[in-house]
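Reviewing the structure listed below.
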Amino acid sequence: MTRVHNFSAGPAALPEPVLHRAAEEMLDWHGRGMSIMEMSHRTPDFEGVIAAVEADLRELMGIPANYKVLFLQGGATLQFSAVPINLLRGKQKADYIVTGSWSEKAVGEAKRFCNVNIAASTEADNFTYAPTQSELKLDPEAAYVHVCTNETIMGVEFPYVPETGNVPLVADMSSHILSREIDVSKYALIYAGAQKNIGPVGLTVVIVREDLIGQPLPGMPTLLDYKPHADNGSMLNTPPTFAIYMAGLIFQWLKDQGGVAGIEQQNIAKAKCLYDCIDNSGGFYRNPVRVSDRSRMNVPFTLVDDKLDSVFLKESLAAGLSSLKGHKSVGGMRASIYNPMPLAGVEALTNFMRDFAARHG
Ligand code: PMP
């Protein structure tokens with residue numbers, strides 16, 4: 001068996017020890033003669049699993065007691081709707097900070113439910129930076145402010161937490177949750193699709209301040225109302241049991257890495273290694289993002305001549321480096337280097353990049 005270094009943006013690489021453990025437990029979880037996937041969610045066994053997963057996430061992120069943790073389905077995309085449905089709470093307007101494709105998509109859904117004020121947009125500069133606090137045109141009467149703190153496609157990560165006064169701050173952290181230390185109490189709501197830093201696809205995590213839920217827009221589907229999910233311990237209907245179990249294994253692995261503080265140091269080293277390689281390539285590789293706002297998780301880069309793209313992809317794959325093709329809206333390459341990607345994987349990539357540039361430059 002040969003495993004590649006997988007730079008996919010999501011679903012993405014998982015830690016190898018986690019995959020081994022899941023494989024070992026696949027046919028017989030803890031002597032029950034069945035896999036976790038085959039077990040009812042209404043068993044004490046699964047109730048124990050989901051409780052431990054929540055406790056571990058609370059510990060890893062330092063989630064205060066007045067926040068609910070919800071394990072949902074529908075991806076981060078469904079949260080683009082669930083957020084306005086739950087947080088408008090009688091108001092008719094919300095602020096959105098637009099820094100790339102995902103915040104744009106969030107705006108598109110929010111417009112179905114309320115008036116959207118674009119508090120800032122970096123579109124005119126091809127989404128190459130995060131607006132500073134003074135550039136935000138915030139409305140003190142808005143129901144909430146929405147931000148995508150790491151834009152997966154453009155590779156732009158907020159280096160600061162927007163200050164929104166009394167207006168609740170909502171963050172789509174899909175592509176960098178658990179990659180760096182954050183102060184959860186600065187946010188009213190955090191959501192993330194699991195398939196990057198949390199586990200396999202099928203699970204969406206929502207962390208929400210409990211005083212904000214329970215007043216959804218009337219007439220909405222029950223499954224889009226956070227309150228019954230919270231009241232039923234994320235078991236309002238059948239939850240994605242396997243994805244939750246896998247998230248639990250990953251949280252254990254994360255603790256072995258020294259928790260979020262430990263993995264953050266690894267992520268800083270990995271990002272430095274890759275950006276240094278790009279910046280020191282004499283223009284052969286380029287990343288357009290403002291240095292202070294460059295994502296530690298998603299690193300898009302172009303080659304000096306796009307005619308080399310297909311050769312780069314073919315040769316990199318042959319060298320055991322997979323899924324480097326950039327998103328079609330940006331072109332070039334993108335290396336997603338989430339928590340599970342070891343520094344050795346990034347070093348293998350940068351060694352390849354230097355060699356490729358020497359041969360084709
Ligand atoms: N937000 C961000 C930042 C993302 O990266 C993605 C997926 N790549 C989404 C939202 C949408 O997630 P999903 O496909 O889980 O709906």
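Below, each value reflects all heavy atoms present in this structure, side chains not excepted, and no hydrogens, waters or symmetry copies. Both ligands and their constituent atoms are indexed starting at 1 by order of listing.
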So, are Glu157 and Arg180 salt-bridged, with charged N and O less than 4.0 Å apart?
yes

Test log, rule salt bridge (charged side-chain N to carboxylate O under 4.0 Å, His left out), inputs Lys270 and Glu347
CA-CA 8 Å; Lys270 280 152 51 185; Glu347 285 170 348; over 6 Å; no

Around ligand 1, what residues show up once you keep those with a heavy atom under 4.0 Å from it?
Gly75, Ala76, Thr77, Phe80, Trp102, Cys148, Asn150, Thr152, Asp172, Ser174, Ser175, Gln195, Lys196

Of Phe301, Tyr285, Phe312, the one forming a ring pair (Phe, Tyr, Trp, His ring centres under 6.0 Å) with Phe356 is Phe312

NZ/NE/NH1/NH2 to OD/OE distance under 4.0 Å, Asp279 and Arg294:
yes

Any side-chain heavy-atom pair of Trp29 and Val49 under 4.5 Å:
yes

Step through it carefully: locate the ring centre of Tyr191, locate the ring centre of Tyr226, and say whether they are under 6.0 Å apart.
no

